[in-house]
Amino acid sequence: MPGWIIDLDGTMYRGNMPVEGAAQFISQITEAGHPYLYVTNNSSRKPGQVAEHIRRVTGASASAENILTSSQAAARYAAGRKPGASFFAIGEEGLMHALEEAGLVPVREDEVPDFVVQGIDRGFTYDKLAKATRYIHRGAEYLLTNPDRLLPGDGGLLPGAGSVAASLKTASGTEPVVIGKPSPIILNLAVEKLGLPRNDIWVVGDNIETDIAGGVAARCRTALVLTGITRAEQAGELLQQANLKSDLICRDLPDLLLQLSQKH
Ligand SMILES: [Mg+2]
């Protein structure tokens, strides 16, 4: 029985628009009893809010237990390295919530935190950059929720967590530990949660650089869907450039199930 690691933006929905067949795909795998997790690099929302967004936009079933965000994975990583560690965070509600839920504590004004954890922060300021830089210089470990440079917004592309990270990397002279896709850190955690052998797990997504590269690095099966940022006519060339192979290339999620059923 396969398990599924499913990307959200460009795979289940595009912003506030459902991707056709997404809800049908989820009901088919649910009926077949396959476990699944929605795994997202988006660090800004809490898992319950992500689930609510999936249900509202696509009509597919989703609960907080089906969600793994890069904020949760970052918090788990930090708590695993040092239980009860202190942090300084540059991020939004989803990141603060995940860190505190994992038992981590905000740094006190006069101390250096164990971790600087950075995600997307639409209230990013010079003051936050200055604090984080000083903490990293004084020994805090720098974790980055996700490396995405850009994200889709209503009026066009917007800078993502990776763009905020560019300033902090430059100022601190330090490369962060990257948690989100394509890092195996988040995908290994997803594999652990699904509790299945890696070659029974499909990593499904629209982004070759994050979903497919991450799935390959985590030694799972991979399916590229052409409903997001990768256009059909580019897919082959982009995979070749990245020196990656995707087990399947699918028009959309229902096509993925069709191709699988034809294989067996
Ligand atoms: Mg995507």
Side-chain angles (χ1 to χ4, degrees), residues 4-23 25-26 29 36-45 47 49-58 60 62 66-74 94 119-120 144-154 156-163 165 178-187 189-190 201-218 220-235 238-239 241-242 244 246-256:
W4 300 90
I5 291 174
I6 306 161
D7 174 56
L8 291 177
D9 219 333
T11 302
M12 291 293 293
Y13 50 70
R14 286 183 294 267
N16 288 310
M17 294 289 289
V19 166
E20 206 173 328
F25 172 82
I26 297 300
I29 64 170
Y36 65 95
L37 268 181
Y38 298 109
V39 176
T40 177
N41 270 6
N42 186 330
S43 67
S44 66
R45 292 188 181 121
Q49 294 170 324
V50 176
E52 205 272 327
H53 188 74
I54 295 168
R55 291 195 304 270
R56 184 171 52 79
V57 173
T58 70
N66 304 125
I67 310 292
L68 179 62
T69 70
S70 62
S71 286
Q72 290 177 291
I120 190 168
L144 173 60
T145 57
N146 62 300
D148 304 54
R149 285 183 301 119
L150 295 167
L151 49 98
D154 286 340
L157 292 171
L158 292 167
S163 295
V178 177
I179 304 292
K181 297 177 279 186
S183 167
I185 293 176
I186 193 168
L187 289 172
L189 188 54
I201 295 177
W202 286 87
V203 176
V204 185
D206 67 310
N207 189 323
I208 290 169
E209 285 172 34
T210 54
D211 302 306
I212 305 305
V216 168
C220 295
R221 291 174 186 264
T222 53
L224 177 69
V225 287
L226 301 172
T227 47
I229 67 160
T230 310
R231 293 198 312 271
E233 63 273 19
Q234 311 170 293
L238 289 175
L239 282 164
Q241 278 171 12
L244 290 168
S246 184
D247 292 305
L248 292 177
I249 299 176
C250 316
R251 202 174 55 245
D252 52 22
L253 291 169
D255 181 46
L256 164 51

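Just follow the structure's listing: the first ligand is 1, and inside any ligand the first atom is 1.
By the 6.0 Å contact criterion, CD on E20 is open, its count of non-hydrogen atoms from other residues, nucleotides or ligands being 12 or less. Within 6.0 Å of the CD atom in E52, the count of heavy atoms belonging to other residues, nucleotides or ligands exceeds 12.
No side-chain donor-acceptor contact under 3.5 Å links R149 to the backbone of G162.
Protein N/O/S atoms found under 2.8 Å from the Mg ion (ligand 1), listed by chain and residue number: D7 OD2, D9 O, D206 OD1.
Below 30°, between 30° and 60°, or above 60°: for W202 and W4 the angle between ring planes is below 30°, a parallel geometry.
For D7, the salt bridge (charged side-chain N to carboxylate O under 4.0 Å, His left out) criterion is met by K181, not counting sequence neighbours.
Atom CD1 of I186 is separated from atom CG of L68 by 4.5 Å, given to the nearest 0.5 angstrom.
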